[in-house]
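Down below is the structure, laid out as structure tokens.
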Amino acid sequence: MSSILFIALPLLFAFCVPLLEKLGRNGVAYASTLMQIFLAALAFSFFGLEHPQLEIIAIAPPLGISFVLDQASVFFVALFSSLMTLFSLYYLWQRKIKSYKNEAKFFILLNTLLASAVGLVLSNDIFNIYVFFEIAGISAYILTAYEKNAKALEAGIKYLLTGSVASIFLVLAIMLIYINIGSLNLALIAQNFETLPYNLKVLISLLLFLGFGFKVEIFPLNFWVSDVYEGSSTLINGLFSAIVVKAYLFVFFHILYLLLPSGEFSHFLIYLGALSMLVSQIVALKQTNLKRLFAYSSLGQVGLLFAAFSMHDSDAIMGAFFIVFAHSIAKMILFLSLSNIEEHYKSVDISILQKINAPYLGFIMLIAMLSILGIPLLAGFVGKFLILKSMALDGLFGAMAIILIASLLESVYYFKLSGYLTQKEERGTLLSLDLVQKILLSFLALLLVTAGTAPFLVLDFAAHAANVMLDAQSYIALILGAVQ
Amino acid sequence: MNLKRKLALSDISGFALASVLVLTIFNVILQNSLLTQNSAGNALLALSSHEGVANAVTTVVVYFRGFDTLGEIAVLFIASLGIGLILENPHAKQGKKEESNFMLKTAAKLLFPIILLFGIYIMVYGHLSPGGGFQGGVIIASGVLLLLISSNNFHMPHKLIAILETFAGISYVFIGLIGLLLLDTFLGNFLPHDISQMGMLFSGGIIPIIYIIVGIKVGSEMSFIVQNLLQRGEHD
């Protein structure tokens with residue numbers, strides 16, 4: 001099986017939707033979910049892969065576009081396709097309570113979002129990455145504005161404007177790279193990037209940083225995030241936090257490791273990440289809207305990931321993989337449950353957690369929150385521990401201190417929320433979940449607990465994936481070796 | 001909002017800062033650029049004759065970088081979907097538009113078939129002469145725009161266009177998948193593309209077919225976009 005199917009099938013589905021609509025109201029929804037289940041199964045079948053797989057399109061690299069499926073990218077592909085599948089399954093039951101208008105179009109956007117997130121991870125051609133950058137961006141703008149109320153439209157326009165500015169920087173960087181190196185292939189660019197004049201190297205790095213910086217939601221460039229989260233509907237926030245930002249993070253650091261293998265700006269980026277985490281957690285303390293609160297908490301976790309990936313250290317990257325896994329799942333749980341709460345109690349105010357009457361949902365949410373905090377025996381702990389350990393070994397005590405202070409602030413509001421959930425108060429009407437939704441949420445929570453109590457099950461794979469991601473030389477050899 | 005407000009100090013300083021930044025960037029670019037000659041683009045153009053297509057640019061756009069073109073089609077597809085979704089307003093009343101004058105109406109009727117024919121020509125001959133699917137599709141959409149603005153009771157054949165659009169999108173991906181099945185690369189050129197046929201209408205294997213598909217897709221998406229934007233203007 002070829003890795004191109006991860007992109008071709010969702011696109012094919014998106015184009016097919018007008019035909020599938022003829023099958024009735026459920027046709028599109030079921031077909032989309034079935035296809036995503038197939039993709040998730042396909043992604044897991046690649047886990048045993050011994051050698052990285054190179055998929056050529058039309059003409060061999062470095063001239064043509066090609067896809068690389070190695071241990072690092074297969075982790076992200078599997079994560080995205082399985083989370084998208086779980087999201088679709090959850091929505092199949094959620095739509096009995098609340099369904100979107102023009103549902104067929106909603107499923108088109110879900111699948112273009114999936115195709116582009118996977119494309120960003122797999123592609124090794126920088127212009128092709130730009131195309132996926134745009135598809136992901138446009139799908140996300142429309143999903144943000146989907147509900148068409150004033151807040152959603154405002155958020156959509158804000159997202160569109162910042163996204164377009166990011167595209168300009170990125171396309172300028174690609175133009176400069178092409179003028180000077182004469183290629184769009186990442187491996188060839190990586191090989192020749194050293195030879196460029198110093199000023200130009202700095203300029204290209206800066207433009208790439210600005211282009212991706214908006215999308216990876218790093219500190220000075222993340223002013224738009226909380227508004228977008230507040231405006232868009234709660235279910236969709238789960239996708240943004242679990243899939244979209246993770247795809248951009250991967251591609252940003254993938255390019256960074258290739259272009260600057262010796263870590264020229266790594267100290268700057270580590271402290272920027274740590275600062276990003278600190279600022280987000282300080283702002284999160286004051287939030288009274290749960291959607292905004294979780295958005296800032298997402299920003300904090302992304303800052304931590306940013307610092308960890310910037311370290312050019314395989315142990316830290318291993319920890320980052322754990323955090324990616326744990327945070328994606330935990331935020332998916334939180335936003336999915338929040339959408340149920342919002343539907344039932346018509347509020348996303350922080351005080352609603354005192355009134356909800358849903359012991360099961362509350363318990364699952366508690367696990368997710370504690371995992372984000374990094375409480376032992378949950379997946380988030382393993383990630384945070386590995387990152388802080390390698391920071392200590394590398395002597396980065398300043399960044400470590402900032403991250404610890406930020407975690408302390410994080411614990412202030414998450415413990416407050418846990419308190420609200422467990423308080424013995426006058427509770428509202430009972431919120432009952434569908435059995436399938438309960439099973440899906442428990443499955444996600446179980447993943448967090450399993451990865452946290454028995455990290456040795458996945459530690460080998462994570463270590464290997466981290467090494468593969470950091471190893472620019474064998475990536476270049478794989479692609480350029482295909483020519484001879 | 002008062003459009004005539006005076007330039008504030010912040011506007012001027014912002015503008016000055018932006019210009020300094022842009023000038024610095026251009027200075028760095030001009031002083032340091034290597035302007036390499038042996039670029040991938042030149043290499044692709046040199047290789048393009050192997051596919052038996054007279055227009056080398058078409059070979060690069062549709063074949064060597066065909067996956068980017070598929071991505072662009074997807075971008076156009078979701079952009080059109082988004083415009084339809086955001087601007088759609090079921091409560092809007094059918095607004096009364098001023099009747100266009102006789103000359104415009106007659107000219108539009110006469111011109112539309114010619115514009116359509118010209119668009120199809122540009123599309124079909126994309127592998128032989130300058131032009132191709134994107135250009136041809138936009139020309140057809142401009143013809144639709146002419147009909148829409150000239151006549152009050154012109155209704156786009158929505159069903160037909162939706163069928164064409166769906167067909168085009170599906171067959172693009174299917175051609176790619178057949179290439180994957182037969183030649184082991186997505187979008188592989190599995191039809192005969194002998195170099196001796198270069199310059200003929202039937203040459204280049206799948207390349208002209210894909211470009212026609214692109215044309216159909218672009219034409220229908222652009223027509224939808226134009227129609228959505230125009231109707232929105234009427235209601236407000």
Side-chain angles (χ1 to χ4, degrees), chain A residues 2 4-5 7-9 11-12 14-19 55-59 62-65 101-102 105 108-109 112 115-116 119 123 125 127-128 130-132 134-135 138-139 141-142 145-146 148 153 156 172 176 178-185 188 195-200 202-203 207, chain B residues 24-25 27-29 31-44 47 51 62-75 77-79 81-86 88-89 162-163 165-174 176-177 179-180 183-189 217:
Chain A
S2 146
I4 199 98
L5 290 178
I7 295 145
L9 283 187
L11 282 184
L12 181 67
F15 293 141
C16 274
V17 161
L19 285 184
E55 182 76 34
I56 293 167
I57 299 171
I59 184 169
L63 289 179
I65 299 165
K101 279 184 203 161
N102 289 320
K105 291 185 175 172
I108 292 182
L109 292 170
T112 49
S116 54
S123 181
D125 182 285
F127 192 78
N128 198 233
Y130 175 72
V131 171
F132 286 121
E134 285 291 283
I135 300 181
I138 297 175
S139 313
Y141 312 149
I142 303 172
Y146 208 89
K148 276 170 73 173
L153 290 173
L172 201 57
L176 282 180
Y178 186 73
I179 288 177
N180 288 289
I181 295 174
S183 176
L184 295 168
N185 186 286
L188 209 59
T195 60
L196 293 184
Y198 179 74
N199 285 345
L200 206 59
V202 173
L203 182 63
L207 288 172
Chain B
T24 322
I25 289 177
N27 192 27
V28 172
I29 295 171
Q31 298 217 328
N32 296 291
S33 279
L34 306 171
L35 287 177
T36 173
Q37 288 305 313
N38 50 356
S39 68
N42 290 343
L44 286 179
L47 272 177
E51 300 302 319
V62 178
Y63 185 61
F64 294 141
R65 300 204 64 94
F67 204 70
D68 281 346
T69 307
L70 179 62
E72 296 298 339
I73 295 291
V75 166
F77 173 66
I78 49 176
L81 177 146
I83 289 174
L85 196 80
I86 305 290
E88 177 191 60
N89 187 359
I163 289 170
E165 179 215 41
T166 311
F167 160 78
I170 295 173
S171 41
Y172 198 147
V173 183
F174 261 113
L177 289 176
L180 182 67
L183 298 178
D184 236 22
T185 93
F186 191 75
L187 284 173
N189 197 346
K217 189 87 181 153

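Because the structure is predicted, anything quoted here is derived from the model rather than measured. Below, chains carry the letters A, B, ... as their sequence lines are ordered, and counting in each starts from 1.
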_A side-chain contact here means heavy atoms from C-beta on lying under 4.5 Å apart; do B/I73 and A/L11 qualify?_
no
*From CD1 (A/I4) to OG1 (B/T185), nearest 0.5 Å*: 8.5 Å
*Using a cut-off of under 4.5 Å for heavy-atom pairs, which of B/L85, B/T24, B/I25 has the most such pairs with chain A?*
B/L85
*Against chain B, work out which of A/L184, A/L207, A/L188, A/D125 has the most heavy-atom pairs shorter than 4.5 Å and name it.*
A/D125
*Pairwise distance CD1(A/I56) to CG(B/L183) - rounded to 0.5 angstrom*: 12.5 Å
*asked:* Using heavy-atom distances under 4.5 Å, tell me whether B/N189 contacts chain A through its side chain, its backbone, both, or neither.
replied: neither
*Determine the minimum heavy-atom distance between B/A40 and A/S183, stating which atoms define it.*
CB-CA, 4.2 Å
*Part of B/I83 within contact of chain A (heavy atom distance under 4.5 Å)*: neither
*Quick one: what part of B/I163 sits under 4.5 Å from any heavy atom of chain A, side chain, backbone, both or neither?*
neither
*Measure distances from A/N102 to the heavy atoms of chain B and classify the residue's part below 4.5 Å as side chain, backbone, both or neither.*
side chain
*Just give me the residue among A/N199, A/I142, A/L12 that pairs up with chain B most often, heavy atom to heavy atom, under 4.5 Å.*
A/L12
*What part of A/F132 is in contact with chain B, defined as an atom under 4.5 angstrom from a non-hydrogen atom: side chain, backbone, both or neither?*
side chain
*Please name the pair of heavy atoms, one in B/G71 and one in A/I135, separated by the smallest distance, quoted to 0.1 Å.*
O-CD1, 3.7 Å
*What is the distance from atom CD1 of B/I29 to atom CG of A/L203, rounded to the nearest 0.5 Å?*
5.5 Å
_Any heavy-atom pair between the side chains of A/I59 and B/L44 that's under 4.5 Å?_
yes
*Among B/L81, B/V75, B/L187, which has the most heavy-atom pairs under 4.5 Å with chain A?*
B/L81
*Is it the backbone or the side chain of A/L200 that comes under 4.5 Å from a heavy atom of chain B, or both, or neither?*
both
*Please report the shortest heavy-atom distance between B/R65 and A/N128, naming the atom on each side.*
NH2-N, 4.1 Å
*With only heavy atoms counted, which part of A/L176 is less than 4.5 Å from chain B, the side chain, the backbone, both or neither?*
side chain
*Rounded to the nearest 0.5 Å, how far apart are CG of B/L70 and CZ of A/F15?*
5.5 Å
*Select one option (side chain, backbone, both, neither) describing which atoms of B/L180 are under 4.5 Å from chain A's heavy atoms.*
side chain
*Approximate separation, where rounding is to 0.5 Å, of A/N180 CG and B/S39 OG*: 12.0 Å
*Go through A/L172, A/I57, A/L153, A/T112 and name the one with the most non-hydrogen pairs under 4.5 angstrom from chain B.*
A/I57
*Between CG of A/L19 and CD1 of B/I170, what distance do you get to the nearest 0.5 Å?*
4.5 Å
*Under 4.5 Å heavy-atom distance to chain B, tell me which part of A/A14 shows up: side chain, backbone, both or neither.*
both
*List the atom of A/A8, the atom of B/V173, and the distance in Å for their closest heavy-atom pair.*
O-CG1, 3.8 Å
_Check: B/G41 main-chain N/O paired with A/Y178 side-chain donor or acceptor under 3.5 Å_ = yes
*Between B/F77 and chain A, which part of the residue has a heavy atom less than 4.5 Å away: side chain, backbone, both or neither?*
side chain
